[in-house]
Amino acid sequence: MSDVSSLETFDRRESEVRGYIRSFPVVFDSARGSVLTAADGREFLDFFAGAGVLNYGHNNPAFTRALIEYLEHDGIIHGLDMATSAKKGFIEAFEKLVLEPRGFDYKLQFTGPTGANAVEAALKVARQATGRSNVVAFTNAFHGLSLGGLAATGNSHYREAAGIALDNVTRLPFDGYLGEGVDTLDLFEKMLGDPGSGLDLPAAVIVEAVQGEGGINVASSAWLQRLRQLTADNGILLILDEIQSGIGRTGSFFAFEESGIVPDIVTVSKSISGSGLPMSLVLLRPEVDVWKPGAHTGTFRGNNLAFVSARVALEEYWTDAALTDGVKAKSAVLSDALARLAAAHPSLGAVVRGRGLMYGLAIDSDRTLAGRISKEAFTRGLIIETSGAHDEVLKFLPALTISDDELARGLQIVSDSLDAVL
């Protein structure tokens, strides 16, 4: 009988491109809430949440019940972009529970099911709507690994894998990149007004309100407001990439909400389906929706199972403030614990940054330390990843539904792991 916990099959046949399996080398078999169970019975607390896909936890029973009922009813599973009951139900719930309460008037474009596809669509439609090709993106940005998204991504590790020139993007410094007291948008404003700057008037600016893969860098409300004003004054479309930071991750449904701005285009994926089923969409102001029918297609842009669980997620968690209030309370616990952890080891110079339940402990003094903490935590039953240009940031992405006890237990494992590796 084969060993159910053996990784030999993956080592033998899966491409060398595999990544997370190297950080968390066990065969996982089942999951519920914030706990993953391996094939050999070991349990792991999850501070990773599928890289931000599982904001409502693993196998949320409300979603599972709805999916089973839909399948038993012989509901449409694959629908391309045809009209289906599941899609209609999601659109109506999104309109009622997300758009209307916020006063947003967006058209919904259902793209292929990856976040990168949503980014590609957003960049394409922005270029079509403006007739311009250049796009501004920021240092430490991550917008996916297809060529358009990769051109807007900052990390050299990913960019070097492209094998082709990555053009039509101007890189500018994100908020805080040049240190405290420097408004990096001074450079953007100067370049926009100077015909000698070499900056071609952009079709769009693409930005994350909170950079996830880039190291949990948080744009201030004032910075986002000024960026919105600069883009509006110059006829530039503003794209907010909410793929990782959205769907309640930072507290509000969208991370940009705190600043009060209204983007022209918003990309949404990861936790929008609620259940972990693949789903992505682009929100467009009606006047930006210049697509001709079929100009951006995708065989799997109609994942009706995802529409079902996405609708239920909205109805279950976004009809009142219970979820956001819970995130706020847990965020205070998380940020306080990380502040205490940093204070307990002053020689590390660790910096705590983040919002909601999207936090990072940045340790520039020893850029190997976050990775070693992650590895040690895994041996103690906690899954937590790293981010940043040098993987120097220990990244906290627990489910928004994690219990207080589970959050406390995970934070204790992190503290013990730091002590162990030091």
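Residues take their numbers from the sequence shown, with the count starting at 1. Computed over heavy atoms, backbone and side chain alike; hydrogens, waters and symmetry mates excluded.
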Output, in order, the C-alpha distance, side-chain angles, deciding distance and verdict of side chain to side chain contact (heavy atoms under 4.5 Å, CB included) for Thr9 and Val27. CA-CA 11 Å; Thr9 298; Val27 178; over 6 Å; no
Show the numbers, then the answer: is there a salt bridge (charged side-chain N to carboxylate O under 4.0 Å, His left out) between Glu120 and Lys124? CA-CA 6 Å; Glu120 294 290 339; Lys124 284 168 65 174; over 6 Å; no
Given Leu192 and Leu201, is the side chain to side chain contact (heavy atoms under 4.5 Å, CB included) satisfied, shown in steps? CA-CA 7 Å; Leu192 283 170; Leu201 183 64; 4.2 Å; yes
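With sequence neighbours left out, Phe254 forms a ring-ring contact (aromatic ring centres under 6.0 Å, His included) with Phe256.
Contact annotation: the side chain of Asp289 never approaches that of Gln109 to less than 4.5 Å [non-hydrogen atoms, C-beta and beyond]. Using a 4.5 Å heavy-atom threshold, the side chains of Asp336 and Arg340 count as touching. Two residues are said to be in side-chain contact when any heavy atoms from C-beta on lie closer than 4.5 Å; Ser23 and Glu385 fail this criterion. Two residues are said to be in side-chain contact when any heavy atoms from C-beta on lie closer than 4.5 Å; Asn60 and Val312 fail this criterion. Taking 4.5 Å as the limit, every side-chain heavy atom of Lys270 sits out of range of all side-chain heavy atoms of Asn55. Looking at heavy atoms from C-beta onward, Tyr177 lies out of side-chain contact with Asn217 at the 4.5 angstrom threshold. Residues Arg380 and Ser417 are in side-chain contact: their nearest non-hydrogen atoms beyond the backbone lie under 4.5 Å apart. Annotation: side chain of Leu394 is in contact with side chain of Ser374 (closest heavy-atom distance under 4.5 Å).
Ser273 contributes no side-chain N or O that, together with a main-chain N or O of Ala306, makes up a donor-acceptor pair within less than 3.5 Å. At least one donor-acceptor pair under 3.5 Å links the side chain of Arg171 to the backbone N or O of Ala152. Listed for the Gln225 side chain is no donor-acceptor partner under 3.5 Å among the backbone atoms of Gly260. Without hydrogens or angle criteria, Asn303 side chain to Pro278 main chain gives a donor-acceptor distance under 3.5 Å. Judged by distance alone, with hydrogens and angles left aside, the side-chain atoms of Arg355 form a donor-acceptor pair with the main-chain N or O of Ala255 at under 3.5 Å. No donor-acceptor distance shorter than 3.5 angstrom exists from the side chain of Asp200 to the backbone of Asn134, with no hydrogens or angles considered.
Here the straight-line distance linking atom CG of Leu224 with atom CG of Leu185 works out to 8.5 Å at 0.5 Å rounding. In this structure, CG in Asp11 is found 8.5 Å from CD in Glu16, a value given to the nearest 0.5 Å. Here the NZ atom belonging to Lys330 is positioned 11.0 Å from the CG atom belonging to Asp325, to the nearest 0.5 angstrom. Separation of atoms CD1 (Ile413) and CZ (Phe47) is listed at 7.5 Å; rounding is to 0.5 Å. The line from CG of Leu238 to CG of Leu230 is 10.5 Å long, rounded to the nearest 0.5 Å. Here the OG-CG distance, from Ser133 to Asp167, works out to 9.5 Å after rounding to the nearest 0.5 Å.
In this structure, Lys395 pairs ionically with Glu213, as a charged nitrogen and a carboxylate oxygen lie closer than 4.0 Å. In this structure, Lys96 does not pair ionically with Glu92, as no charged nitrogen and carboxylate oxygen lie closer than 4.0 Å. Between Asp264 and Arg228 there is a salt bridge, since a side-chain N of the basic residue sits under 4.0 Å from a carboxylate O of the acidic one. The pair Asp233-Arg226 does not count as a salt bridge, with every side-chain nitrogen at least 4.0 angstrom from each carboxylate oxygen. Using a 4.0 Å cut-off between charged side-chain N and carboxylate O, Arg372 and Glu376 make no salt bridge.
In this structure, Lys375 places its NZ atom where only 12 or fewer heavy-atom neighbours from other residues, nucleotides or ligands lie under 6.0 Å away. The number of heavy atoms from other shown groups lying within 6.0 Å of CZ (Arg18) is above 12. Atom CZ of Phe300 is surrounded by 12 or fewer heavy atoms from other residues, nucleotides or ligands within 6.0 Å.
Between Phe90 and Phe94, the ring planes are tilted. Angles from 30° to 60° get that label.
Between Phe44 and Phe24, the ring centre distance reaches or exceeds 6.0 Å.
For the 3.5 Å distance criterion, the side chains of Thr130 and Arg127 fail to qualify, holding no donor opposite an acceptor.
Every pair passing ring pair (Phe, Tyr, Trp, His ring centres under 6.0 Å) that includes a residue from residues 187-242 is listed here, sequence neighbours excluded: Phe138-Trp223, Phe174-Trp223.
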